[in-house]
Amino acid sequence: MLTLANLSILLLLAGIGAWLWHTHGLRERALAAVRQHCAKAGVDLLDDNVALRRFGLHPDARNHRRMARIYDFEFTVNGEQRYNGSIVMFGRHVARIELGAHLFPAPLPPSRQSAEVIQLDQWRREHPSHKQHHY
(Lines give C-alpha, C1' and ligand atoms only; values in the text may rest on other atoms or scores of the structure.)
Protein backbone atom coordinates (compact mmCIF):
# COMPACT_ATOMS: atom_id res chain seq x y z
CA MET A 1 0.00 0.00 0.00
CA LEU A 2 1.25 3.48 -0.88
CA THR A 3 1.28 5.71 2.15
CA LEU A 4 1.82 9.43 2.27
CA ALA A 5 5.33 8.90 3.65
CA ASN A 6 6.23 6.50 0.82
CA LEU A 7 4.80 8.90 -1.76
CA SER A 8 6.84 11.77 -0.27
CA ILE A 9 10.05 9.72 -0.43
CA LEU A 10 9.28 8.68 -4.00
CA LEU A 11 8.69 12.30 -5.06
CA LEU A 12 11.88 13.40 -3.30
CA LEU A 13 13.92 10.73 -5.12
CA ALA A 14 12.30 11.65 -8.45
CA GLY A 15 13.12 15.32 -7.84
CA ILE A 16 16.75 14.52 -7.04
CA GLY A 17 16.98 12.37 -10.17
CA ALA A 18 15.51 15.14 -12.33
CA TRP A 19 17.91 17.68 -10.82
CA LEU A 20 20.92 15.39 -11.52
CA TRP A 21 19.73 14.83 -15.09
CA HIS A 22 19.36 18.59 -15.62
CA THR A 23 22.81 19.25 -14.12
CA HIS A 24 24.38 16.68 -16.43
CA GLY A 25 22.77 18.41 -19.43
CA LEU A 26 24.19 21.77 -18.33
CA ARG A 27 27.65 20.23 -17.97
CA GLU A 28 27.39 18.78 -21.49
CA ARG A 29 26.36 22.22 -22.80
CA ALA A 30 29.39 23.79 -21.08
CA LEU A 31 31.65 21.12 -22.56
CA ALA A 32 30.32 21.77 -26.08
CA ALA A 33 30.89 25.53 -25.66
CA VAL A 34 34.46 24.93 -24.42
CA ARG A 35 35.20 22.59 -27.34
CA GLN A 36 34.02 25.22 -29.81
CA HIS A 37 35.95 28.01 -28.08
CA CYS A 38 39.17 25.95 -27.99
CA ALA A 39 38.81 25.10 -31.69
CA LYS A 40 38.42 28.80 -32.57
CA ALA A 41 41.41 29.72 -30.38
CA GLY A 42 43.58 27.03 -32.01
CA VAL A 43 44.23 25.11 -28.79
CA ASP A 44 43.40 21.52 -27.83
CA LEU A 45 41.00 20.69 -24.99
CA LEU A 46 42.61 18.07 -22.77
CA ASP A 47 40.77 15.06 -21.36
CA ASP A 48 37.59 16.22 -23.16
CA ASN A 49 36.23 17.22 -19.78
CA VAL A 50 34.99 20.12 -17.68
CA ALA A 51 34.85 19.86 -13.88
CA LEU A 52 32.48 21.78 -11.64
CA ARG A 53 34.54 24.07 -9.43
CA ARG A 54 31.81 26.10 -7.79
CA PHE A 55 28.08 26.66 -7.73
CA GLY A 56 26.96 29.94 -6.20
CA LEU A 57 26.39 33.64 -6.68
CA HIS A 58 28.50 35.32 -9.36
CA PRO A 59 28.24 38.83 -10.87
CA ASP A 60 26.86 39.07 -14.40
CA ALA A 61 27.65 41.73 -17.05
CA ARG A 62 25.46 44.28 -15.21
CA ASN A 63 27.15 43.42 -11.91
CA HIS A 64 23.98 41.76 -10.57
CA ARG A 65 24.68 38.63 -8.54
CA ARG A 66 23.12 35.54 -10.09
CA MET A 67 23.36 31.81 -9.51
CA ALA A 68 26.15 30.45 -11.68
CA ARG A 69 28.07 27.28 -12.30
CA ILE A 70 31.81 27.67 -12.81
CA TYR A 71 33.58 24.80 -14.54
CA ASP A 72 37.34 24.34 -14.94
CA PHE A 73 39.10 22.64 -17.83
CA GLU A 74 42.63 22.15 -19.14
CA PHE A 75 43.99 22.82 -22.60
CA THR A 76 47.29 22.69 -24.44
CA VAL A 77 48.88 24.58 -27.28
CA ASN A 78 51.63 22.20 -28.31
CA GLY A 79 50.85 19.02 -26.38
CA GLU A 80 53.66 19.54 -23.88
CA GLN A 81 52.21 21.87 -21.26
CA ARG A 82 48.81 22.01 -19.58
CA TYR A 83 47.07 25.34 -19.07
CA ASN A 84 43.92 26.08 -17.07
CA GLY A 85 40.71 27.65 -18.31
CA SER A 86 37.26 28.27 -16.92
CA ILE A 87 33.70 28.76 -18.11
CA VAL A 88 30.92 30.57 -16.24
CA MET A 89 27.36 29.46 -16.96
CA PHE A 90 24.16 31.23 -15.91
CA GLY A 91 21.71 28.39 -16.33
CA ARG A 92 21.95 27.27 -19.97
CA HIS A 93 23.70 30.45 -21.09
CA VAL A 94 27.46 30.89 -21.37
CA ALA A 95 28.53 34.04 -19.56
CA ARG A 96 32.28 33.88 -20.08
CA ILE A 97 35.04 31.51 -21.19
CA GLU A 98 38.57 32.31 -20.11
CA LEU A 99 41.79 30.68 -21.23
CA GLY A 100 44.71 31.05 -18.82
CA ALA A 101 47.93 32.72 -19.92
CA HIS A 102 49.51 30.51 -22.55
CA LEU A 103 51.78 30.49 -25.58
CA PHE A 104 50.07 31.15 -28.88
CA PRO A 105 50.28 28.46 -31.56
CA ALA A 106 52.86 29.12 -34.26
CA PRO A 107 51.33 30.19 -37.58
CA LEU A 108 51.47 27.71 -40.42
CA PRO A 109 54.19 28.29 -42.99
CA PRO A 110 52.87 29.76 -46.28
CA SER A 111 53.28 26.40 -48.03
CA ARG A 112 50.82 24.75 -45.58
CA GLN A 113 48.20 27.48 -45.41
CA SER A 114 44.97 26.76 -47.22
CA ALA A 115 44.38 30.31 -48.43
CA GLU A 116 45.01 30.94 -52.12
CA VAL A 117 45.90 34.31 -53.58
CA ILE A 118 43.80 35.18 -56.61
CA GLN A 119 45.04 37.72 -59.12
CA LEU A 120 42.23 40.11 -60.00
CA ASP A 121 43.15 40.43 -63.69
CA GLN A 122 43.29 36.65 -64.07
CA TRP A 123 39.91 36.24 -62.33
CA ARG A 124 38.32 38.83 -64.63
CA ARG A 125 39.62 36.98 -67.72
CA GLU A 126 38.23 33.67 -66.40
CA HIS A 127 34.84 35.19 -65.44
CA PRO A 128 33.89 37.53 -68.29
CA SER A 129 30.17 37.38 -67.49
CA HIS A 130 30.63 39.60 -64.41
CA LYS A 131 30.28 43.26 -65.21
CA GLN A 132 32.77 45.72 -63.88
CA HIS A 133 31.41 48.49 -61.73
CA HIS A 134 33.17 51.82 -61.54
CA TYR A 135 32.28 54.02 -58.62
Side-chain angles (χ1 to χ4, degrees):
M1 175 152 225
L2 190 62
T3 65
L4 187 58
N6 289 344
L7 182 62
S8 298
I9 291 172
L10 185 63
L11 288 174
L12 178 66
L13 291 176
I16 291 171
W19 182 79
L20 289 173
W21 183 267
H22 176 72
T23 300
H24 178 71
L26 294 176
R27 185 193 155 282
E28 290 299 315
R29 190 173 186 91
L31 179 59
V34 167
R35 281 184 191 133
Q36 184 180 18
H37 187 78
C38 286
K40 285 182 182 177
V43 299
D44 295 322
L45 176 64
L46 292 174
D47 305 327
D48 201 38
N49 189 28
V50 294
L52 181 65
R53 174 177 23 136
R54 191 168 64 110
F55 177 72
L57 294 175
H58 191 76
D60 63 7
R62 296 179 187 161
N63 210 21
H64 296 129
R65 301 193 55 81
R66 296 176 52 190
M67 292 302 291
R69 286 178 172 83
I70 302 172
Y71 296 93
D72 288 336
F73 60 92
E74 292 183 330
F75 66 96
T76 186
V77 176
N78 55 14
E80 294 178 12
Q81 294 178 318
R82 289 179 173 260
Y83 300 100
N84 295 318
S86 66
I87 179 172
V88 178
M89 301 277 297
F90 293 124
R92 298 174 46 93
H93 304 286
V94 176
R96 182 178 68 240
I97 300 176
E98 293 180 350
L99 299 178
H102 63 283
L103 301 171
F104 286 94
L108 292 173
S111 62
R112 296 197 51 205
Q113 292 180 353
S114 62
E116 180 181 335
V117 176
I118 298 173
Q119 298 296 326
L120 184 58
D121 292 336
Q122 177 185 354
W123 185 88
R124 285 182 178 154
R125 283 192 300 270
E126 293 172 358
H127 300 85
S129 61
H130 292 279
K131 296 180 181 179
Q132 294 181 1
H133 296 284
H134 298 284
Y135 298 99

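As the structure is a computational prediction, the values presented were derived from the model and not from experiment.
Counting all heavy atoms, side chain and backbone alike, F75 lies closest to G85 at CE2-N, 4.1 Å. When all heavy atoms of R69 and F55 are compared, the pair lying nearest together is CG-CD1, 3.4 Å. Of all heavy-atom pairs between I87 and A30, the closest is CD1-O, 3.8 Å. Among all heavy-atom pairs drawn from I97 and A33, the shortest one is CD1-O, 3.8 Å. Shown here for D72 and S86, the closest heavy-atom pair between the two residues is OD1-CB, 3.7 Å. A pairwise comparison of heavy atoms in H58 and F90 identifies O-CE2, 3.7 Å as the closest pair.
Hydrophobic clustering (ILVMFWY, side-chain heavy atoms < 4.5 Å, transitive): I70 and L31 are in distinct clusters. Side-chain heavy atoms closer than 4.5 Å link hydrophobic residues (I, L, V, M, F, W, Y) into clusters, and following such links, even through other members, never connects Y83 to V88. Under a hydrophobic-cluster definition in which Ile, Leu, Val, Met, Phe, Trp and Tyr are linked whenever side-chain heavy atoms come within less than 4.5 Å, directly or via other members, F73 and L52 are assigned to the same cluster.
One distance of note links CG of L13 with CD1 of I9; it measures 7.5 Å at 0.5 Å rounding. Here R29 contributes atom CZ and H93 contributes atom NE2; the two are 7.5 Å apart, rounded to the nearest 0.5 Å.
Of the listed residues (R54, R53, R27), just one forms a side chain to side chain contact (heavy atoms under 4.5 Å, CB included) with Y71, and that residue is R27.
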In a table with atom names and distances, give each donor-acceptor pair under 3.5 Å that connects a side chain of residues 39-48 to protein atoms at least two apart or in another chain.
unit_1: D47; atom_1: OD2; unit_2: R82; atom_2: NH1; d: 3.2
unit_1: D48; atom_1: OD1; unit_2: R35; atom_2: NE; d: 2.8
unit_1: D48; atom_1: OD1; unit_2: R35; atom_2: NH2; d: 3.2
unit_1: D48; atom_1: OD2; unit_2: R35; atom_2: NH2; d: 2.8

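For H102 (side chain) and G100 (main-chain N/O), a donor-acceptor pair under 3.5 Å exists by modelled atom type.
Residues meeting the salt bridge (charged side-chain N to carboxylate O under 4.0 Å, His left out) test with E80, sequence neighbours left out: none.
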Quiz prompt | Test log, rule side-chain contact (heavy atoms from CB on, under 4.5 Å), inputs S8 and L12 | solution = CA-CA 6 Å; S8 298; L12 178 66; over 6 Å; no

Exercise. List the steps and the verdict of side-chain contact (heavy atoms from CB on, under 4.5 Å) for R66 and L57.
Key: CA-CA 5 Å; R66 296 176 52 190; L57 294 175; 5.9 Å; no

